[in-house]
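Scroll down for the structure; my scribbles are underneath it.
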Amino acid sequence: GVQTCALPILLICMVFPNGQNLRPVLPEQKDFFTAWVSMIYAADTNTNVLPSMHVVGCMGAAFAAWDIGREKPAWRRWRIPALALEALISISTVFVKQHSVLDIIAGVLVGVLVGWPIYRKGSPLR
């Protein structure tokens, strides 16, 4: 499921390594939020950004949440919150300068192209 959605991104990044320098220089005196962004930058490099692995992974999780609601009606209430969380995570990567809008769009396209065949009703891949 979700791991299968990420596989095409890993293959794309192996064949076409890419990166971009969107990150600003952070001030030396760090307040709480600057320190937080510094930790994000240290943990997640600005390489292999197109398409966004964050977006594809979130879409895989959202597809899975939608799928489980099909079989377990009690879980249906989590469908919309899962989509909202996926959108917020994707947008946040642009705000902290991990990805550009183009990375997000490419991630959505790959997520749909990979996730829909896996999670569509009656798919033998599920």
Side-chain angles (χ1 to χ4, degrees):
V2 176
Q3 296 88 353
T4 308
C5 288
L7 185 61
I9 304 302
L10 294 173
L11 294 174
I12 290 169
C13 290
M14 285 174 57
V15 176
F16 303 106
N18 60 79
Q20 57 190 343
N21 193 12
L22 298 173
R23 298 174 177 182
V25 176
L26 298 175
E28 299 224 2
Q29 287 186 322
K30 292 182 171 40
D31 60 12
F32 172 77
F33 295 107
T34 307
W36 196 10
V37 171
S38 292
M39 289 188 310
I40 291 171
Y41 288 177
D44 196 3
T45 66
N46 59 348
T47 56
N48 293 328
V49 294
L50 180 71
S52 170
M53 178 77 88
H54 295 103
V55 173
V56 175
C58 286
M59 288 191 68
F63 271 119
W66 206 263
D67 187 55
I68 198 169
R70 217 183 279 146
E71 299 188 15
K72 297 182 180 181
W75 286 80
R76 286 192 180 136
R77 68 176 176 264
W78 295 105
R79 287 176 163 181
I80 299 302
L83 291 174
L85 188 58
E86 185 260 341
L88 289 172
I89 290 169
S90 299
I91 291 167
S92 73
T93 64
V94 174
F95 287 139
V96 297
K97 307 293 186 199
Q98 286 180 290
H99 292 288
S100 70
V101 173
L102 182 61
D103 303 334
I104 304 302
I105 292 169
V108 167
L109 291 174
V110 171
V112 169
L113 289 172
V114 174
W116 184 79
I118 293 169
Y119 286 106
R120 77 180 193 280
K121 192 172 183 176
S123 171
L125 301 173
R126 289 188 358 187

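Residues V37 and V25 do not share a hydrophobic cluster, defined by chaining ILVMFWY side chains whose heavy atoms lie under 4.5 Å apart. Note on V112: it clusters hydrophobically with I104, by side-chain heavy-atom contacts below 4.5 Å among ILVMFWY residues. F63 and L113 end up in different hydrophobic clusters when Ile, Leu, Val, Met, Phe, Trp and Tyr side chains are linked at under 4.5 Å.
Considering every non-hydrogen atom in both S52 and H99, the closest pair reads OG-NE2, 3.2 Å. Shown here for K97 and Y41, the closest heavy-atom pair between the two residues is CB-OH, 3.6 Å.
Atoms CG and OG, on D103 and S90 in that order, are 11.0 Å from each other to the nearest 0.5 Å. Separating the CE atom in M53 from the CD atom in Q98 is a distance of 13.0 Å, to the nearest 0.5 Å. Here the CG atom belonging to L83 is positioned 13.5 Å from the CH2 atom belonging to W78, to the nearest 0.5 angstrom.
In this structure I105 satisfies the side chain to side chain contact (heavy atoms under 4.5 Å, CB included) test together with V101, L109, sequence neighbours excluded. Under the side chain to side chain donor-acceptor pair (under 3.5 Å) criterion, N21 pairs with no residue at all, not counting sequence neighbours. Scored by the side chain to side chain donor-acceptor pair (under 3.5 Å) test, S92 finds no partners at all (sequence neighbours excluded). Residues passing the side chain to side chain donor-acceptor pair (under 3.5 Å) test with T34, sequence neighbours excluded: D31. For A106, the side chain to side chain contact (heavy atoms under 4.5 Å, CB included) partners at least two apart in sequence or on another chain are L50, P51. With sequence neighbours excluded, no residue forms a side chain to side chain donor-acceptor pair (under 3.5 Å) with E86. F33 meets the ring pair (Phe, Tyr, Trp, His ring centres under 6.0 Å) test with no other residue; sequence neighbours excluded.
I91 forms part of a hydrophobic cluster together with F95, judged by ILVMFWY side-chain heavy-atom separations under 4.5 Å. Hydrophobic cluster of L85: the remaining members, joined at side-chain heavy-atom separations below 4.5 Å, are I89, listed by chain and number.
No donor-acceptor contact under 3.5 angstrom links the side chains of T93 and H54, judged on distance only.
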Residue pair V114, V56: steps toward the side chain to side chain contact (heavy atoms under 4.5 Å, CB included) verdict
CA-CA 9 Å; V114 174; V56 175; 5.9 Å; no

